[in-house]
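Reviewing the structure listed below.
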Amino acid sequence: MTEQLRISVLHGPNLNLLGQREPQIYGALTLEEINHLLREEAEIQDVELTILQSNQEGVLIDAIHQTAGIQQGILINAGAYTHTSLAIADALKAVKVPTVEVHLSNIYQREAFRHHSYIAPIAIGQISGFGHQSYCLGLRALVNYLRASPRT
Ligand code: DQA
């Protein structure tokens, strides 16, 4: 029997406010509801999720460090840190854990400062613009990628 895949789901700043935060952009679901959908998808995919939301860059960086040797993949919506945080990008680069970047909104249809992602060059890929579905699509893409790659 193959070992169950373990995936770390990281939600960045202000995503704890989903449901009430600019619902016309980010949708009506709360973070808890999104996490519930992710857990349902994880059960279908037979993967174990560890989910964390933080408004603090350092907490997200520590969580990325802690994936090394424990989790096989990272699903991340770094919120505004996507566009500003070299430190989060460096942490992802350091641990070399395959990462999928997701965004609820289509960041390329929005303000110019949201068009650049420090995470994108390090990620396997990015899913942006499908609302809460971006998370489940991202999880599926990550699992497919990991199942197709030999374990390190
Ligand atoms: C976001 C897009 C970011 O630009 C923004 O700062 C967020 C959410 C998204 O999921 O669409 O906080 O990552």
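Each residue takes its place number in the sequence, starting with 1.
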Quick check: do [X] and [Y] have side-chain heavy atoms less than 4.5 Å from each other?
X      : Y     : result
Leu104 : Ile34 : yes
Leu29  : Leu37 : yes
Glu57  : Thr84 : no
Gln53  : Asn35 : no
Arg110 : Ile25 : yes
Val9   : Arg39 : no
Thr67  : Leu10 : no
Thr99  : Ile64 : no

Candidate list Leu75, Leu137, Leu142, test side chain to side chain contact (heavy atoms under 4.5 Å, CB included), partner Val102, passing option: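 Result: among Leu75, Leu137, Leu142, Leu75 is the only option passing the side chain to side chain contact (heavy atoms under 4.5 Å, CB included) with Val102.
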
Is there a path of hydrophobic side-chain contacts, each under 4.5 Å between heavy atoms, that joins [X] and [Y]?
X      : Y      : value
Tyr145 : Tyr135 : yes
Ile61  : Ile119 : yes
Leu49  : Val100 : yes
Leu146 : Ile51  : yes
Ile7   : Val97  : no

Value rounded to 0.5 Å, distance of [atom1] in [X] from [atom2] in [Y]:
X      : Y     : atom1 : atom2 : result
Cys136 : Ile44 : SG    : CD1   : 8.5 Å
Leu92  : His65 : CG    : NE2   : 9.0 Å
Leu5   : Glu48 : CG    : CD    : 10.0 Å
Asn77  : Leu15 : CG    : CG    : 4.5 Å

Closest heavy-atom contact between [X] and [Y]?
X      : Y      : answer
Ser128 : Asn106 : OG-CA, 3.4 Å
Glu111 : His115 : O-CD2, 3.2 Å
Leu52  : Ala63  : CD2-CB, 3.6 Å
Tyr81  : Pro13  : CD1-CD, 3.4 Å

Chi angles and distances behind the side chain to side chain contact (heavy atoms under 4.5 Å, CB included) call for Leu31, Arg21: CA-CA 11 Å; Leu31 189 61; Arg21 174 192 181 204; over 6 Å; no

Side chain His83, main chain His116, donor-acceptor under 3.5 Å: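 Yes.
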
Donor-acceptor contact below 3.5 Å, side chain Ser134 vs main chain Gly131: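 Yes, the answer is positive, given that a donor and an acceptor are paired below the 3.5 Å cut-off.
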
Side chain to side chain contact (heavy atoms under 4.5 Å, CB included) between Arg6 and Gln72, intermediate numbers included: CA-CA 6 Å; Arg6 289 181 299 269; Gln72 287 78 44; 3.3 Å; yes

Is it the case that over 12 heavy atoms from other parts of the model lie below 6.0 angstrom from the [atom1] atom of [X]?
X     : atom1 : value
His36 : NE2   : no
Glu43 : CD    : no
Glu32 : CD    : no

Distance-only polar pair, side chains of Ser117 and Glu101, donor-acceptor under 3.5 Å: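 Judged by distance alone, the side chains do pair up.
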
Aromatic ring proximity His103/Tyr108, centre distance under 6.0 Å: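 Judged by ring-centre distance (under 6.0 Å), His103 and Tyr108 do not meet the cut-off.
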
